[in-house]
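The structure appears right after this line, and notes come after that.
Just so we're on the same page: letters track the sequence lines, and every chain starts at 1.
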Amino acid sequence: MKYEFHKIESKWQKKWMDEKVFAAQNGGDKPKYFTLVEFPYPSGNGLHVGHARPYTAMDVVSRKKRMDGYNVLFPIGYDAFGLPTENFAIKNHIHPKLVTEKNVNHFREQLISLGYSFDWDREICTTDPEYYKWTQWIFLQLFKKGLAYKAKMPVNWCTSCKCVLANEEVVDNACERCGSPVVRREKSQWMLKITEYAQRLIDDLDDLDFIERVKIQQRNWIGRSTGAEIDFETTAGDKLRVFSTRPDTIFGATYMVISPEHAMLDKWMESLENAEEVKAYKALAAGKSDFERTELNKEKTGVTLKGVSAINPVTGENIAICVSDYVLATYGTGAIMAVPGHDERDWEYAKKFGFPIIEVVKGGNVEEAAYTDTEDGVMVNSGFLDGMHVTEAKKTITKWLADKGIGTEKVNYKLRDWVFSRQRYWGEPIPVIHCEKCGYVPMDESQLPLLLPEVDSYEPTDNGESPIAKMRDWVETTCPCCGGPAERETDTMPQWAGSSWYFLRYMDPKNDEALASEEALKYWNCVDWYNGGMEHTTLHLLYSRFWHKFLYDIGVVPTKEPYAKRSSHGMILGEGGEKMSKSRGNVVNPTDIINQYGADTMRLYIMFIGDFEKAAPWSSDAVKGCKRFLDRIWNLGQQAKGATGEEYSKENEASIHRTIKKVNDDILDMKFNTGIAALMSLVNEFYDKGVSRGDMKALLLMLSPYAPHIAEEIWEILGFKGMCCTQAWPEYDESKTVEAEKTMAVQVNGKLRSTITVATDSDDQAVIDAACADPKIAKMMEGMQLVKTIVVKNKLVNLILKPQA
RNA sequence: GCCGGUGUGGCGAAACUGGCAGACGCCCGGGACUUAAAAUCCCGUGCGGGGUAACCCGCGUACCGGUUCGAUCCCGGUCACCGGCACCA
């Protein structure tokens, strides 16, 4: 009988599907386990090997957990709103709904063909109105709690397409589609107050089982820093507030800088002697793109205000106020006290514009360069702070400022509020109505979902509005508040909206009264293990933690955090080690591999390719090795056919027990590659020593999470009952794995010289005697003196020899 | 610049975090089977050197140094590559 993988694979895929083998139950005696993979964006290109790696890994984990007796929820869906689909629709004059449907069908087929054990009854799609109804519902709750608001924000404007672009569409300051320059424009946008959750998003990381680099990256992204806000008196009579992490260096503050967008500037403008110059600078800064403004090594520019200056509160000296775009309007207070002696940027500016540079922390040479390595420094030229260590000085000055009522401790975050609107068609409509009288009014929840209107053209409009804005009979409505004429919001939500809560919907996907029932939410609690790409660390992962915390606050979900554990996979690179891309022509299509070698080989190879967390280059040769391995197992199965009994053979028993432990541990540690290596070694031993039906049973059970189809087929051929994938994981007996004898290394002065075989757990003296008795060692010991011995049980003995005196 | 990570044979990688470096797989070489080839099975395979030989001797985990009986693993320094952030005061 030949190993006909095509037949076998479609046979079992159909059985699993028909018998709903992997359907999760919302309840029951078994402990629950929720495994999650990032649901795919159903692009026209179909599934990529980049999907196969994390999906196979979590499928292996899910299958293993089922064998361990868990009620496993392993769901899948599609994150289908988004630009590529919309762009395809524009180009081909076809409704994005139809494009999505076609792509989803293709993805589903491919996912099934890989043998993934998804619960297909819980499949979801973010573009389904029954789904986005709840995305809109969550938005309304955010709006009602004041966490969604409208604000004027700079947006990316493509000068050629005459439309607003999402940040992802801007590559190197140019439009991704047409290559024309992108400039900033002010536009009113919906924003979500994620910053309100900044501290909790940092604090709650501590208790989560996330891989460390994810935690670090999130913390850095949120970017907490502590310091003080200090008010400087100005000659205009008002105060200029600054934020500084180094209030201790205030004696060195020789001038101040405010950002070109700072509100004070307009206030002062009339009294400025050089108002024209300042206005010109403001206009210049406004015309620059983000990219130009933040460009590195750019020479600092700025204008000193004439007619307004400030007073340094500790020195009482009059200091200049400058406007410069090296100070950002969006961080802190948009104004700084410049301490050129100890800040590189201030130093550079002061050198160029001739401001005094004062050393206030001992150690460097501030005439040469800013001295910033001041953590352990001592204060100088700082009045009452002189001689203090910087940490003491910080405390002292903060208290001094507080006592005077001109300064307070302050924490700042780099994290910004989330720009939540897109001027696009293919997204969830924002369910808010604008009324001249009542302002922004939430839609009545009972009216949800607010369906996307049918439009004639999906092209963005010339004025940067969503194509929906053209649908006047959709836009024009009545105000739910006063009943007067009003207009609907025409912006749609970003792609991140639907993916911020999708895991909750899996718990109860068909519920039409709530995003999921309370019982389902309680039962599944949170995701036990979520695997996904590092590229989602600071967007999707952070956004969904934010939404979840909000839902927790309003009593919808029972947990503070959505994901108990987060792991991340490395990228699959092209054959030569460079990134896979269409333009390089090195993209591997999983379907091609399945056609040539079968899904089991594909799955096995993608898990065997290397360390799961690291990038790994594809190798079509190495794929063959995995196919060969399955062929060998198939042959073993043929050999065992017709045999009876379920005992392990004496010859293989110890190896089987050892392998059970190894494969078990490696799956839970995500060391799939070494787990497979252990299975390969076991198969090699079976070839050596022969195989019993019982030996095969153990092998098939261990193989089934990785290569489930062939495991089922041989399982059936050998006449075992039920399906392999519904069996319990084989038991492992430590006592059966210990060998009677151990080969130990013998070192002389730390160098390996020989090996000896001794009884396991021999005592040290017996080992030393055996080592000395070894002919090679005995020869080396001639004329030498044994000064020391080190024995590591069952591993090695090291003899320290010295020439005899 | 800052924050992470990585560096091991011809290649992908292992090594219970201080104890026989290179498991497993690919490639390659040899043999068996075959009229032949493919497939399959068996054997070999870090580098250099010595021996007719079973074997023996050096050198080897990016580089330099340190700690240790013993270092891929710990410490100090250097270099290279990858990822993230980047005028965040």
Exercise for the section: Please state the C1' separation for the pair B/A21 and B/A14 - nearest whole angstrom. Expected result: 10 Å
Practice task
With heavy atoms under 4.0 Å as the rule, sort A/Ser619 into base, sugar-phosphate or nothing.
Solution key: nothing
Completion exercise
Closest to the side chain of A/Ala677, out of B/C24, B/A14, B/C87, is B/C24
Fill in the blank from the handout: Taken to the nearest whole Å, CG/A/Leu541 to P/B/G84 is 16 Å
Completion exercise
Closest to the side chain of A/Ile216, out of B/C3, B/U6, B/G19, is B/C3
Problem - Cationic N near anionic O, under 4.0 Å, A/Asp206 to A/Arg219 - result: yes
Handout entry: The single option from A/Leu636, A/Val683, A/Leu682 passing side-chain contact (heavy atoms from CB on, under 4.5 Å) against A/Val691
Key = A/Leu636
Handout entry: A/Gly610 or A/Val792, whichever maps to the more 5' nucleotide of RNA chain B
Key = A/Gly610
Problem - Side-chain ion pair, A/Arg628 and A/Asp631, N-O less than 4.0 Å - result: no
Problem - Whole-Å P distance, B/G25 and B/C41 - result: 11 Å
Exercise for the section: For nucleotides B/U68 and B/C75, find the distance between their C1' atoms and express it as a whole number of Å. Expected result: 12 Å
Exercise for the section: Using the C1' atoms only, state how far B/U72 lies from B/G9, rounded to an integer number of Å. Expected result: 14 Å
Practice task
Could you state the atom-to-atom distance from CZ of A/Arg224 to P of B/C3 in whole Å?
Solution key: 19 Å
Completion exercise
From OH of A/Tyr349 across to C1' of B/A89 the rounded distance in Å is 15 Å
Handout entry: Gap between atoms CD1 and P, on A/Ile800 and B/G19 respectively (whole Å)
Key = 17 Å
Practice task
Determine, for nucleotides 42-56 of chain B in 5'-to-3' order, which nucleotides have protein heavy atoms under 4.0 Å from the base (write B), from only the sugar-phosphate (write S), or from neither (write -).
Solution key: S-------------S
Exercise for the section: Sticking with atom P, work out how far B/A15 lies from B/G1, rounded to a whole angstrom. Expected result: 34 Å
Exercise for the section: Tell whether A/Gln747 reaches the base of B/G19 with its side chain through a donor-acceptor pair below 3.5 angstrom. Expected result: yes
Handout entry: Salt bridge present between A/Glu578 and A/Arg584 (N-O < 4.0 angstrom)
Key = no
Practice task
Give the nucleotide from the list B/A23, B/U6, B/C16 with an atom nearest to the side chain of A/Thr674.
Solution key: B/A23
Exercise for the section: Please report, rounded to the nearest Å, how far the C1' atom of B/G1 is from the CG atom of A/Asp373. Expected result: 14 Å
Practice task
Name the orientation class of the two ring planes belonging to A/His657 and A/Tyr732 (parallel below 30°, tilted from 30 to 60°, perpendicular beyond 60°).
Solution key: tilted
Practice task
Examine distances only and state if a side-chain atom of A/Thr737 and a backbone atom of A/Asp733 form a donor-acceptor pair shorter than 3.5 Å.
Solution key: no
Handout entry: Within-4.5 Å side-chain heavy-atom neighbours: A/Met571 and A/Lys579
Key = yes
Problem - Short side-chain N/O contact from A/Tyr326 to OP1 or OP2 of B/A89, under 4.0 Å - result: no
Handout entry: Closest to the A/Lys751 side chain, choosing from B/C59, B/A89, B/G12
Key = B/C59
Problem - d(CZ, A/Arg213; C1', B/C82) in whole Å - result: 11 Å
Problem - Rounded interatomic separation in angstrom, taking CG from A/Leu796 and C1' from B/C20 - result: 8 Å
Practice task
Kindly indicate whether the side chain of A/Lys624 and the base of B/C26 share any N or O donor-acceptor pair separated by less than 3.5 Å?
Solution key: no
Practice task
Just call it for A/Lys671: base, sugar-phosphate, or nothing, with non-hydrogen atoms closer than 4.0 Å on any strand.
Solution key: sugar-phosphate
Problem - Span that lies between the C1' atom of B/A37 and that of B/G60, in whole angstrom - result: 41 Å
Practice task
Start with the C-alpha distance between A/Glu38 and A/Arg566, add both sets of side-chain angles, then the distance that settles salt bridge (charged side-chain N to carboxylate O under 4.0 Å, His left out), and finish with yes or no.
Solution key: CA-CA 11 Å; A/Glu38 289 172 341; A/Arg566 169 79 177 189; 2.9 Å; yes
Exercise for the section: When you get a sec, tell me which of B/A14, B/C3, B/A89 is the closest nucleotide to the side chain of A/Tyr331? Expected result: B/A89
Practice task
Mind checking A/Asn798 for me? I need base, sugar-phosphate or nothing, with any heavy atom below 4.0 Å counting as a touch.
Solution key: base
Handout entry: Touch class at under 4.0 angstrom, heavy-atom based, for A/Ile790 against every strand present
Key = base
Exercise for the section: Test the A/Lys300-A/Tyr326 pair against the cation-pi criterion, namely NZ or CZ under 6.0 angstrom from the six-membered ring centroid and within 45° of the ring axis. Expected result: yes
Practice task
Give A/Ile336 one of three labels, base, sugar-phosphate or nothing, depending on what nucleic acid heavy atoms sit under 4.0 Å from its own.
Solution key: base
Problem - Pair A/Gln765, A/Asp769: side-chain N/O donor-acceptor within cut-off below 3.5 Å - result: yes
Exercise for the section: Mind checking A/Asp346 for me? I need base, sugar-phosphate or nothing, with any heavy atom below 4.0 Å counting as a touch. Expected result: nothing
Practice task
Check each of A/Phe608, A/Phe612, A/Tyr605 against A/Phe672 using the ring pair (Phe, Tyr, Trp, His ring centres under 6.0 Å) test, and report the only one that passes.
Solution key: A/Phe612
Problem - Which nucleotide in B/C20, B/G25, B/U6 has an atom nearest any side-chain atom of A/Thr755 - result: B/C20
Exercise for the section: Tell me what A/Thr330 touches on the nucleic acid: a base, only sugar-phosphate, or nothing, going by heavy atoms under 4.0 Å. Expected result: nothing
Handout entry: B/C57 to B/G19 separation - C1' atoms, rounded to the nearest Å
Key = 23 Å
Handout entry: Distance below 4.0 Å between A/Arg628 side-chain N/O and B/C27 OP1 or OP2
Key = yes
Exercise for the section: Tell me yes or no: between the side chains of A/Thr301 and A/Tyr281, is some donor less than 3.5 Å from an acceptor? Expected result: yes
Exercise for the section: Can you tell me, in whole Å, how much space there is between the P of B/U34 and that of B/G49? Expected result: 39 Å
Exercise for the section: List the steps, then state whether side chain to side chain contact (heavy atoms under 4.5 Å, CB included) holds for A/Arg246 with A/Val361. Expected result: CA-CA 11 Å; A/Arg246 296 299 305 277; A/Val361 184; 4.2 Å; yes
Fill in the blank from the handout: chi for B/U34 classified (syn = within 90 degrees of 0, anti otherwise) as anti
Problem - Dot-bracket notation for RNA chain B, counting Watson-Crick and G-U pairs under 3.5 Å, with | for partners on another strand - result: (((((((..(((......[....))).(((((.......))))).(((((....)))))..(((((..]....))))))))))))....
Practice task
Would you tell me if any nitrogen or oxygen in the side chain of A/Lys662 comes within less than 4.0 Å of OP1 or OP2 on B/C24?
Solution key: no
Problem - Between B/G5 (P) and A/Asn220 (CG): distance, integer Å - result: 12 Å
Problem - Residue-phosphate contact under 4.0 Å: A/Ser225 side-chain N/O, B/A89 OP1/OP2 - result: yes
Exercise for the section: Identify whether the glycosidic angle of B/G9 places it syn (within 90° of 0) or anti. Expected result: syn
Problem - Residue-phosphate contact under 4.0 Å: A/Asn673 side-chain N/O, B/A14 OP1/OP2 - result: yes
Completion exercise
By nearest-nucleotide position on RNA chain B, the 5'-leaning member of A/Gly625 and A/Lys414 is A/Gly625
